[in-house]
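Notes to accompany the following structure.
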Amino acid sequence: MKLINVYIEHLTLQLNQLFTYACDEPVQKGCRVKVDFAHRECIGFVQETDVKSDLKNIKPVLEVIDKEPLLNEELLDLAQYISKRYVCSVISAYKTMLPPALRPSSTYKKIIYEDHVYLSSSTLPLTSKQANVYEEIKDKLPMKASEFRKLTKSLAKPLIEKGYVKLRKLPKSNDVLPSYIEDSIHELTLEQKNAIEEIENSNDSCFLLHGVTGSGKTEVFLHLAQTVLKQNKQVLFLVPEIGLTPMMIERVMARFQRKVAIYHSQLNDQEKYEQYCLVKDKKVDIVIGTRSAAFMPFDDLGLILMDEEHDTSYKQDSMPRYHTRDIALWRAKYHGCKVVLSSATPSLESYSRAYKNVYHLVSLTKRIYDQMPEIHLVDMKEERNQFGLSQRLIDAIQKTLDKNDQVILLLNRRGYLPVVRCSNCNEVMMCPDCGIALTYHKSNDSLMCHCCGNVYRFDHTCPKCHSHHFFQVGMGTERLEENIQMLFPNANIVRMDADSTKRKNAHAKLLKEFEQSGDILLGTQMVAKGLDFERVTLVGILQADNALIHSDYRSCEIAYQMLEQASGRSGRGVKKGDVYIQTYDPGHYVMQSVLKHDYLGFFRKEMSYRHLGVYPPYVFLCCIIYSHESLEKAMDVALLGKQFLSQFKVLGPLEINMRQRQKRVRLIVKSKDETQLNQTIWKLVEYHRSLKTNVKQDINMYPLILEE
DNA sequence: AGCACGCCGACT
DNA sequence: GTCGGCGTGCTC
């Protein structure tokens with residue numbers, strides 16, 4: 001009797017261990033099996049074959065699901081690395097690495113197939129009509145059966161029956177590629193040429209391309225990719241979750257034609273599966289996509305490009321909480337290829353590594369059209385606030401519209417009213433699950449929790465005192481749109497936020513609409529990222545201090561990145577651009593650094609604060625959240641956890657927002673020694689299991705955002 | 001995470 | 001005397 005070791009699906013970190021089953025059928029590492037586990041059917045993922053065991057009661061596997069391994073050796077190894085580094089189960093790493101349709105889940109996801117027609121040979125006689133059609137279409141094969149029937153009409157059947165063509169079932173494919181655009185090849189600037197040469201001629205493996213906004217980083221990317229493709233190697237092109245995804249895909253497609261796979265969260269399961277197979281079957285050389293694209297089954301990777309490397313969407317905020325940068329570096333090492341991280345506003349972590357020559361720093365200091373936009377800090381203490389706008393910004397918008405140029409306005413808050421407060425009894429509408437204020441959305445006349453996404457009916461009656469009157473304080477993008485339309489009745493306004501981009505491809509559609517006929521693009525931070533429209537010469541940022549008031553250690557870095565990136569959307573063409581930043585604190589070093597486009601100045605200042613406060617990149621952090629319906633219970637277990645971690649500096653326990661009606665308590669662990677931190681956290685997992693408590697412990701290694 | 005097991009209170 | 005409440009512990 002042959003024995004195998006499998007990981008069991010769905011069980012949390014508590015059960016990150018192998019279980020032995022008997023299996024006489026041949027089965028390989030990396031395949032799924034169906035097993036009986038604790039009196040129910042589960043999916044197991046084969047990790048080891050031909051193992052020895054002296055356990056009694058070894059059950060047989062019920063069914064071998066896969067003939068071929070789902071993951072190759074490299075990706076199986078990568079899962080072990082993710083599990084170790086991020087303190088998560090190996091099975092959770094496998095799950096994120098696979099497209100949903102192939103995940104080791106207990107519910108089978110259906111893969112839809114359709115018929116394709118292939119050329120075949122036959123000696124059976126054809127009628128002249130049949131022969132004519134056959135001659136016409138035989139060079140166009142293979143094609144979809146539906147298309148074939150359209151072309152051949154009634155002659156389809158005899159051609160198939162006589163064996164001149166044959167049918168084969170393939171997974172149904174949808175065209176996920178965006179509309180085709182013309183490629184525009186730009187003459188490289190001297191800086192760009194030097195950057196390309198420096199990267200290609202170096203023996204270093206990881207580069208940080210620091211280029212100011214509008215300096216043509218994409219063109220550098222495309223040239224580097226070209227060289228690698230000529231060597232018949234593959235290129236992975238990573239982009240952040242939103243915003244510039246459609247624009248970047250278009251440019252890569254325009255340059256390299258159709259041998260591109262695309263992978264991002266907006267694809268449905270079927271589409272993801274198709275794109276995954278394109279890579280697995282070696283039908284494409286370039287993959288462009290968001291963080292999940294980092295797990296594509298490459299066999300000969302030649303280059304990894306990571307655009308806007310500072311973007312926080314590169315870190316997954318559910319298990320496994322990996323950072324895409326770590327995955328990129330690991331895979332580059334495995335394939336012996338280069339990684340280029342790129343940003344106009346690098347993360348402090350990456351820039352400090354470049355500073356210490358861990359990464360090779362390459363800089364682009366000039367814009368293609370050589371003119372940085374001019375920044376105007378508008379001191380809101382001295383301005384009258386009209387519908388959220390200062391007179392200076394209103395004048396600037398009017399001037400820009402008069403010139404027939406375009407405007408981008410950024411307000412990082414969606415909805416209509418961020419807080420709904422009864423004007424009679426001061427009651428604030430709150431989310432019962434999260435305990436935070438609900439936002440009023442006018443479009444569907446409802447209250448939404450921006451934490452959990454729950455939507456509640458709103459009958460405009462206070463649940464406490466039954467009054468019908470509410471304060472109208474604060475503003476989100478929805479209300480701003482209304483106000484702007486009032487101020488500029490002839491302007492065509494496009495609003496882009498999480499609400500207006502919910503539908504599929506809404507992103508690309510809104511951007512197209514703005515490009516063709518829009519005057520003002522108004523939105524949340526997603527309008528700050530990567531957009532490249534030559535006619536935009538004014539960017540206005542409202543409530544710029546919002547980002548600074550968080551207590552998070554990273555809030556200044558995030559604020560700086562957001563302001564500088566948003567500023568970078570202005571004046572990207574021949575015309576000079578302006579940026580108006582409305583703030584109550586124009587003297588703040590974040591504002592002053594943005595004013596002078598002084599990244600290095602910001603970096604030095606922020607690093608000195610991080611050093612003083614003992615925060616990354618000077619130490620490694622781990623964030624642990626204990627949750628339970630009783631605050632007291634969660635607090636008790638958190639205190640035990642803190643005791644267990646007494647060798648480190650631990651902040652907390654601190655009560656934070658509830659989630660799903662569970663009270664939550666947070667610990668933050670700081671350590672200068674990464675290995676020691678990692679090992680101790682694994683011991684904490686063991687310790688927590690030994691407590692046999694029903695308080696949940698959730699671990700986030702190297703967190704980017706602390707306030708949850 | 002489920003789901004069986006087990007130890008007490010309410011009820012035909 | 002039994003039905004079922006949910007706290008606890010195990011899963012090859």
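These figures come from a predicted structure and were not determined experimentally.
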Proximal nucleotide (of B:dA1, C:dC12, C:dT11) relative to the A:Ala38 side chain
C:dT11

Taken in chain and number order and not counting sequence neighbours, the residues that satisfy side chain to side chain donor-acceptor pair (under 3.5 Å) with A:Asp317 are none

Just checking A:Lys692: base, sugar-phosphate only, or nothing, at a heavy-atom cut-off of under 4.0 Å?
sugar-phosphate

Between A:Gln234 and A:Asp300 (side chain of the first, backbone of the second, donor and acceptor by atom type, cut-off under 3.5 Å), is there such a pair?
yes

Taking only distance into account, with no hydrogens and no angle test, what donor-acceptor pairs under 3.5 Å do side-chain atoms of residues 647-660 of chain A form with protein atoms, sequence neighbours excluded?
{"residue": "A:Gln647", "atom": "OE1", "partner": "A:Gln676", "partner atom": "NE2", "Å": "2.7"}

Under the side chain to side chain donor-acceptor pair (under 3.5 Å) rule, collect the residues that match up with A:Lys315, sequence neighbours excluded.
A:Asn700

In whole angstroms, the gap separating P of C:dC12 from CZ of A:Phe45 amounts to 20 Å

For a quick test of reading the model: is some side-chain N or O of A:Lys59 closer than 4.0 Å to OP1 or OP2 of C:dC12?
yes

Does A:Gln561 have any side chain to side chain donor-acceptor pair (under 3.5 Å) partners at least two apart in sequence or in another chain, and if so, which?
A:Glu557

How would you label the contact of A:Ile58 with the nucleic acid (heavy atoms, under 4.0 Å): base, sugar-phosphate, or nothing?
sugar-phosphate

Run the side chain to side chain donor-acceptor pair (under 3.5 Å) test against A:Thr675 and tell me which residues pass, sequence neighbours left out.
none

Which dot-bracket notation, 5' to 3', represents the base pairing of DNA chain B when pairs are defined as Watson-Crick or G-U with both distances under 3.5 Å, crossing pairs as [ ], and inter-strand pairs as |?
|||||||||||.

